[in-house]
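Beneath this line is the structure, given in structure tokens, with notes to follow.
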Amino acid sequence: MNGEGALGLGVAQAGVSERALAREQVEDQVKTMAGVPEARLADFFGSIEDGQLVIRLLYGLDRSQEYVMLTWPARGTGYPPLSDVAPAAFVEECEIFEQFGVSPGGGKTLNRLVIPPHADHDFPRLGEAPARDRPPPHAPHHVSGEAFEFPFGPVRAVAQESLYIGLVTSGEEVIDLYLLQWHKHRGIERRLQERLPDEALFIVERAEGLSAVANSWAFCRAVETVADARPPPAVERSRAVALELERCYNHAAAIAALCQATGLSVGQAQAEIALEKLLRLNAAAFGHRYLFGVLAPGGVRTAPDGAVLESGLGPVLDELREVVESLWSTNSFVDRLESCGVVTPDEAARLGLVGPVARASGQSIDTRRDHPFGPFAELELDVPVRSTGDVMARMSVMVDEIEESRRMVTELTAAGLGAGVADLPRVPGCALGWCESPRGESLAWVRLDAEGRLRRARIRPASARNWRAFDDAARSRNVFTDIPIIEASFWLTVAGLAR
């Protein structure tokens, strides 16, 4: 979508179509999209363009390999309560209200999302502060009978992100649950404004450090699309290798966290040994344990050492597979995973979930296959899917994905890897970028001015989509001690939502 008009419209971007709407058309269009079986609500955000607030609603039509973006100006009257039709839109309705002061019609109760409760009208935002009173921390909940709220967090165990979990219980069973995640808010998208893309990438990587490669690749693709530039195939293959290494170490970390949550100290230690070896392999291949600084707009700074990958990746993944096989034969472990934290296929579709959480609930979606980018357009990809939607299914999907990543790294390395960063022209325009992170679809939408500086950068990690299912999963006939197990199996980051 190069060029700029009143709504940032311009030359079409491959795989993306944009439709400009009048406000009175919005609700009918959303209802129409809700009736399209393959349409998945992917993102929903605001952008100040030419002095006015423009709302952008993005759908993924995965079987058609297309994204559809609906845009309309929100002048004073806001917009219809879209989450009444598309429940997946609720979190973004809260975010738009916090950041731009515009709420959906109908007087809907909105949850507080990332703006802390002590914030006043001078608190930095992307737009204007809400004119009316701030929303309560969470929508009121009502429980009949004897019950009490058990507070957990925001300070939790060592190395865990700040997160407040309000558990409503009558003793042991979780009756209700809500999350407060504003403690991690850093104003990432606001900090990106007015920066050049190569300067902004440092912040983009740190929006969600455990998905540094995926979020960076989505951002770089958006910037490169505006510049009408694409890195050479060998450079794109280096990006893909980094992405699959990121997937492997994240899934290994999730397996270790599941062992910890179920009290298997030996299994946790063995999985963490494999995780440490994967992180050291990252450093040996690319120069950073968590793969920071690898990508750049226009290419990659470092080509991985093929010999290091060939000699190091297979053995450590073999070790991890042995750990998994031992876990599958441990009844006390399997019993805790089966029927725990269930997300049904209907819930996964209704909430627009992505990644292993969605694939464990019967949703066969993966942007590497459905919206192919870089070398993934030429690679065969086996997308593992389960239907039970419990912790067992989510771990099974991760285990299968590790083997797929191993295979792809081998093929990519054999095809040849390269490095290099091209100078991109500084031109105005807007574009969408996407990537498949370890947690699922990562999106980035950028709008650049004539100097090539960011007027708006929307960074939407997969965690921002999937946290909304955690509440439902925790309520599905679980007890207190199931909550850490469910959290480990989702393997989300608070930073990815409260960015």
Side-chain angles (χ1 to χ4, degrees), residues 23 26-27 30-31 34 41-48 53-58 70 72-143 149 154 163-166 168 176-190 347 350-353 458 460 463-472 474-475 492 494 496-499:
R23 186 194 181 282
V26 173
E27 190 167 7
V30 171
K31 289 179 179 178
L41 194 149
D43 202 9
F44 177 27
F45 61 96
S47 173
I48 301 297
L53 176 62
V54 174
I55 304 294
R56 294 180 173 271
L57 186 61
L58 182 69
L70 309 179
W72 68 93
R75 298 187 183 92
T77 55
Y79 55 92
L82 301 183
S83 59
D84 290 349
V85 180
F90 179 70
V91 168
E92 285 79 10
E93 287 180 341
C94 300
E95 185 176 25
I96 290 172
F97 176 67
E98 286 186 333
Q99 293 291 342
F100 298 96
V102 175
S103 60
K108 176 182 294 187
T109 300
L110 299 173
N111 290 355
R112 181 173 296 281
L113 191 65
V114 299
I115 302 296
H118 62 269
D120 55 23
H121 276 60
D122 294 330
F123 191 86
R125 291 173 168 84
L126 291 169
E128 298 294 329
R132 63 180 175 85
D133 292 339
R134 299 188 295 271
H138 59 88
H141 55 268
H142 305 281
V143 180
E149 179 175 318
L163 172 66
Y164 181 94
I165 303 178
V168 179
D176 199 1
L177 175 145
Y178 64 89
L179 308 174
L180 303 181
Q181 295 158 310
W182 60 67
H183 312 87
K184 195 72 176 180
H185 179 56
R186 293 145 293 151
I188 292 293
E189 293 180 358
R190 183 184 60 82
E347 287 175 321
R350 179 174 60 88
L351 297 176
L353 305 185
R458 167 68 173 179
R460 203 280 283 148
S463 292
R465 298 302 298 166
N466 286 348
W467 268 116
R468 65 199 68 200
F470 182 80
D471 307 38
D472 291 341
R475 296 187 194 101
L492 307 178
V494 180
L497 173 64
R499 60 209 180 284

side-chain contact (heavy atoms from CB on, under 4.5 Å) evaluation trace for D471 with L179: CA-CA 8 Å; D471 307 38; L179 308 174; 3.9 Å; yes
Check the pair V26, I55 against side-chain contact (heavy atoms from CB on, under 4.5 Å), reporting the backbone distance first and the verdict last. CA-CA 10 Å; V26 173; I55 304 294; over 6 Å; no
Would you sort out whether Y178 and E149 count as a side-chain contact (heavy atoms from CB on, under 4.5 Å), showing the intermediate values? CA-CA 10 Å; Y178 64 89; E149 179 175 318; 2.5 Å; yes
Under the side-chain contact (heavy atoms from CB on, under 4.5 Å) criterion, do F97 and L113 qualify, and how do the steps go? CA-CA 10 Å; F97 176 67; L113 191 65; over 6 Å; no
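In summary, E95 and R458 engage in a salt bridge, as defined by a charged side-chain N under 4.0 Å from a carboxylate O.
A 4.5 Å side-chain heavy-atom check between L163 and W467 finds at least one atom pair inside the cut-off. The closest side-chain heavy-atom distance from F44 to I96 is below 4.5 Å. Between V91 and L497, some side-chain heavy-atom pair lies under the 4.5 Å cut-off. Residues L177 and I165 form a side-chain contact, since some pair of their non-hydrogen atoms from C-beta on lies under 4.5 Å apart.
A donor-acceptor pair under 3.5 Å links the side-chain atoms of R465 to the main chain of L41, judged by distance alone. In this structure, the side chain of R190 does not engage the main chain of I188 through any donor-acceptor pair within 3.5 Å. Side-chain atoms of E93 come within 3.5 Å of backbone N or O of L82 as a donor-acceptor pair. The closest donor-acceptor contact from the side chain of R23 to the backbone of W72 lies at 3.5 Å or more, if one exists at all. Looking at R112, its side chain does come within 3.5 Å of a backbone N or O of I115 through a donor-acceptor pair.
Separation of atoms CG (D472) and CZ (R350) is listed at 6.0 Å; rounding is to 0.5 Å.
The two atoms that bring P116 and F123 nearest to each other are CD-CZ, 3.6 Å, heavy atoms only. Nearest approach of A464 to G496, heavy atoms of both residues: CB-O, 3.8 Å. What you find for P80 and P104 is that their closest heavy atoms are O-CB, 3.9 Å.
Here V114 pairs with E98, Q99, H185, A498 under the side-chain contact (heavy atoms from CB on, under 4.5 Å) rule; sequence neighbours left out. For R468, the side-chain hydrogen bond (donor to acceptor under 3.5 Å, both in side chains) criterion is met by E92, not counting sequence neighbours. Every residue two or more places apart in sequence or in another chain that forms a salt bridge (Lys or Arg N to Asp or Glu O under 4.0 Å) with R460 is listed here: E441.
Each of K31, K108, E27 was scored for a side chain to side chain contact (heavy atoms under 4.5 Å, CB included) with D84, with one residue passing: K108.
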